[in-house]
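As structure tokens, the structure follows; a few thoughts come after it.
Computed from a predicted model, the values in this text were never measured in an experiment. Both counts, for ligands and for their atoms, begin at 1 and track the order of listing. Residue indices begin at 1 and follow the sequence shown.
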Amino acid sequence: MALKLAMGTKLVAATHNPGKVPEIAALLDGRFEIVTAGQLGLPEPEETESTFVGNALLKARHAADLSGLPALADDSGLSVTALDGAPGIFSARWAGPTKDFAMAMKKVEERLEETASDDRSAWFTSALAVAWPNGPAVVVEGRVDGTLVFPGRGTRGFGYDPIFVPEGHALTFGEMEPAAKDAMSHRARAFAKLKAALFD
Ligand code: ITT
């Protein structure tokens, strides 16, 4: 069987992050019937892998096997050059149990001040995995490079968006129109690869 997702397929968006859902829906462009892991009442798996790819596969596999439907998961995060790639796969965990991203962004700022470095370069990564129930899985990765600014600016997007200015632009992801972010983000770049691999 060729691994393809036909238009209209019912697909689980295997995320519990409400910030990701509209981005995933916009990037999928109405091709599929999307149900979220939250809508299906699926439990959130523990992210035990040490890479974005590993955690994306784990989340997609978990949702597909539990729901009996193909599932798409995103594992993503912000990596800061001067912090040796931190927070990386721990990006969500730096915000703590209450998902306080003002605190997480402050932590990035403080950690940067502790290093004597004036390097403010950073990048976002998104690993996207599609898994079929008790079947195969496909995973791709996208990345966008940029610079961090403090204090953060803008109220759009989610997570670390207010402190990230993508290369070649002046606005942060938190200030941009959603469509502008979706045209260049790590998630959009990963989606382009996924489309080439899996869509009719
Ligand atoms: P799910 O696992 O349920 O999808 P999560 O928030 O736990 O939700 P991740 O483990 O992939 O997801 O954590 C990624 C974190 O990285 C996320 O919570 C954001 O803080 C950050 N992040 C990822 N993509 C981002 C983006 O486009 N803009 C801002 N922050 C982003």
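- In terms of N/O distances under 3.5 Å, ligand 1 is not approached by Glu23.
- Summary of contacts: the protein heavy atom closest to atom 30 (N) of ligand 1 is Tyr160 N, 3.1 Å.
- For the pair Glu110 (side chain) and Lys107 (backbone), a donor-acceptor distance under 3.5 Å is absent.
- Scanning Arg93, Lys59, Lys99, Lys20 for the heavy atom closest to atom 2 (O) of ligand 1 points to Lys59.
- Nearest protein neighbour of atom 10 (O) of ligand 1, counting heavy atoms only, is Glu47 OE1, 3.0 Å.
- Using a non-hydrogen distance threshold of 4.0 Å, Gly77 registers as a contact of ligand 1.
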- Message: Test ring pair (Phe, Tyr, Trp, His ring centres under 6.0 Å) on Phe173 and Phe158; report intermediate values, then the result.
- Response: CA-CA 9 Å; Phe173 271 172; Phe158 64 98; 9.6 Å; no
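- With hydrogens left out, the protein atom closest to atom 17 (C) of ligand 1 is Asn17 ND2, 4.0 Å, a heavy atom.
- In terms of protein heavy atoms, atom 28 (N) of ligand 1 is closest to Asp161 OD1, 2.6 Å.
- Counting heavy atoms under 4.0 Å from ligand 1, residue Phe124 touches it through the side chain alone.
- In this structure, of Ala92, Ser76, Ala14, the residue bringing a heavy atom nearest to atom 14 (C) of ligand 1 is Ser76.
- Between Ser76 and Arg187, the closest side-chain pair of non-hydrogen atoms falls below 4.5 Å.
- Contact atoms of ligand 1 toward Asp75: 9 (P), 10 (O), 11 (O) (distance under 4.0 Å to a heavy atom of the residue).
- Looking from atom 16 (O) of ligand 1 to the surrounding protein, the closest heavy atom is Ser91 CB, 3.3 Å.
- Set against the non-hydrogen atoms of His186, the atoms of ligand 1 under 4.0 Å away are 24 (N), 25 (C), 26 (C), 27 (O).
- Taking the ring centroids of Phe52 and Phe124, they lie at or beyond the 6.0 Å cut-off.
- Atom 20 (O) of ligand 1 has its closest protein heavy atom at Phe101 CE2, 2.8 Å.
- Although no hydrogens or angles enter the test, the distance criterion places a donor-acceptor pair under 3.5 Å between the side chain of His62 and the main chain of Pro43.
- Of all protein heavy atoms, the one lying nearest to atom 3 (O) of ligand 1 is His16 N, 2.6 Å.
- In this structure, Asp75 contributes its side chain and Asn55 its backbone to no donor-acceptor pair below 3.5 Å.
- Between the side chain of Lys99 and the backbone N or O of Ala92, no donor-acceptor pair lies under 3.5 Å.
- For atom 4 (O) of ligand 1, the nearest non-hydrogen atom from the set Ile24, Thr15, Leu58, Leu78 comes from Thr15.
- A 6.0 Å sphere centred on NZ of Lys106 holds no more than 12 heavy atoms belonging to other residues, nucleotides or ligands.
- Lys193 contributes a side-chain N or O that, together with a main-chain N or O of Glu141, makes up a donor-acceptor pair within less than 3.5 Å.
- The distance from ligand 1 to the heavy atoms of Lys181 drops below 4.0 Å at these ligand atoms: 26 (C), 27 (O), 28 (N).
- Here the side chain of Arg156 pairs no donor or acceptor atom with the backbone of Asp161 at under 3.5 angstrom.
- Heavy atoms of Arg187 found under 4.0 angstrom from ligand 1 belong exclusively to the side chain.
- The closest side-chain donor-acceptor pair between Asp119 and Ser121 falls under 3.5 angstrom.
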